[in-house]
**Student:** 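Below: one structure in structure tokens.
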Amino acid sequence: MKKILVCCGSSMVTSTVALNNIKEACQKAGIDAVFGQCKFAEVPFQIKTFNPDLIVPTGPLDESSAGGIPVVKGIAFVTGVGIDKTIAEILDILKS
């Protein structure tokens, strides 16, 4: 079971869009995953409590707050540009 933390400024709109896209991609790829959502400021706490395998921010995230956990920038889910490439990168990390 992979744990994916999706974060944005308010932990609502853009992270939900990204989460739904990632969830669908994981299902198609046969990857069993659970998801967490939070605000950027909550990432350090979520790392300690949720212990994600991957973090997908939909905007700027200070990667030093990721604690060494892989980060895939999810701005493509907001802009609609490069979604396939972003999903491929996410799936590569989850499969490794």
Side-chain angles (χ1 to χ4, degrees):
M1 177 78 64
K2 298 293 184 174
K3 294 181 178 182
I4 304 165
L5 181 62
V6 184
C7 54
C8 69
S10 68
S11 93
M12 296 290 290
V13 178
T14 60
S15 62
T16 299
V17 170
L19 188 149
N20 289 335
N21 278 276
I22 299 165
K23 183 184 261 185
E24 182 180 329
C26 285
Q27 288 171 343
K28 286 181 181 178
I31 296 172
D32 202 13
V34 293
F35 295 85
Q37 279 180 274
C38 70
K39 298 176 186 177
F40 295 134
E42 298 169 338
V43 168
F45 175 76
Q46 289 294 327
I47 288 171
K48 293 176 185 172
T49 58
F50 184 62
N51 194 27
D53 298 295
L54 175 67
I55 300 171
V56 181
T58 61
L61 174 72
D62 177 5
E63 290 190 30
S64 66
S65 67
I69 294 168
V71 174
V72 174
K73 294 177 181 165
I75 193 70
F77 299 113
V78 177
T79 65
V81 178
I83 291 176
D84 291 341
K85 181 181 177 188
T86 302
I87 287 175
E89 187 178 352
I90 289 167
L91 294 178
D92 283 347
I93 290 170
L94 295 176
K95 290 177 181 177
S96 64

**Student:** Which heavy atom in C8 sits nearest to a heavy atom in T14, and how many Å separate them?
**Tutor:**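 Nearest pair, atom of C8 first, then T14: CB-OG1, 3.1 Å.
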**Student:** Please confirm whether the backbone N or O of K3 pairs with a side-chain atom of D53, one donor and one acceptor, at under 3.5 Å?
**Tutor:** yes
**Student:** Which atom names give the shortest non-hydrogen contact between I83 and A76, and what distance separates them?
**Tutor:** CG1-O, 3.3 Å
**Student:** Report whether F40 and I75 are members of the same hydrophobic cluster (ILVMFWY, side-chain heavy atoms less than 4.5 Å apart, transitive linking).
**Tutor:**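 No, F40 and I75 fall in different hydrophobic clusters.
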**Student:** Using the test side chain to side chain donor-acceptor pair (under 3.5 Å), find all partners of S64 that sit at least two apart in sequence or belong to another chain.
**Tutor:** D62
**Student:** If I compare all heavy atoms of G9 with all of K39, which pair ends up nearest, and what's the gap?
**Tutor:**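 Closest pair (atom of G9, atom of K39, distance): O-CG, 3.7 Å.
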**Student:** With sequence neighbours left out, what residues match K28 under salt bridge (charged side-chain N to carboxylate O under 4.0 Å, His left out)?
**Tutor:**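 Only E24 meet the salt bridge (charged side-chain N to carboxylate O under 4.0 Å, His left out) criterion with K28.
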**Student:** Check whether any side-chain heavy atom of C7 sits under 4.5 Å from a side-chain heavy atom of S15, and report yes or no.
**Tutor:**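 No; the side chains remain at least 4.5 Å from each other.
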**Student:** Shortest non-hydrogen contact from V43 to S65?
**Tutor:**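 Where V43 meets S65 most closely, the heavy atoms are CG1-O, 3.9 Å.
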**Student:** Begin with the C-alpha distance, continue with both residues' side-chain angles, and end with the deciding distance and a verdict on side-chain contact (heavy atoms from CB on, under 4.5 Å) for V56 and F77.
**Tutor:** CA-CA 10 Å; V56 181; F77 299 113; 4.3 Å; yes
**Student:** Search all heavy atoms of V78 against all heavy atoms of T58 and return the closest pair with its distance.
**Tutor:** CG2-O, 3.8 Å
**Student:** Is K73 salt-bridged to E89, cutoff N-O under 4.0 Å?
**Tutor:** no
**Student:** Are the side chains of K2 and D32 in touch, meaning some heavy atoms are under 4.5 Å apart?
**Tutor:** no
**Student:** Apply side-chain contact (heavy atoms from CB on, under 4.5 Å) to the pair I4 and V6, showing each step before the final yes or no.
**Tutor:** CA-CA 6 Å; I4 304 165; V6 184; 4.1 Å; yes
**Student:** Considering the options T16, I22, V17, which one meets the side-chain contact (heavy atoms from CB on, under 4.5 Å) requirement together with N20?
**Tutor:** T16
**Student:** Is I55 close to I47 at the side-chain level, that is, under 4.5 Å between some pair of heavy atoms?
**Tutor:** yes
**Student:** Roughly how far, to the nearest 0.5 Å, is the CD1 atom of I69 from the CD atom of Q46?
**Tutor:**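 Going from the CD atom of Q46 to the CD1 atom of I69 covers 10.5 Å.
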**Student:** I need the minimum non-hydrogen distance between L94 and C26, along with the two atoms involved.
**Tutor:** CD1-SG, 3.7 Å
**Student:** Just wondering, do F35 and L5 contact through their side chains at under 4.5 Å, heavy atoms?
**Tutor:**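 L5 does not reach F35 side chain to side chain.
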**Student:** Start with the C-alpha distance between L54 and V71, add both sets of side-chain angles, then the distance that settles side-chain contact (heavy atoms from CB on, under 4.5 Å), and finish with yes or no.
**Tutor:** CA-CA 6 Å; L54 175 67; V71 174; over 6 Å; no
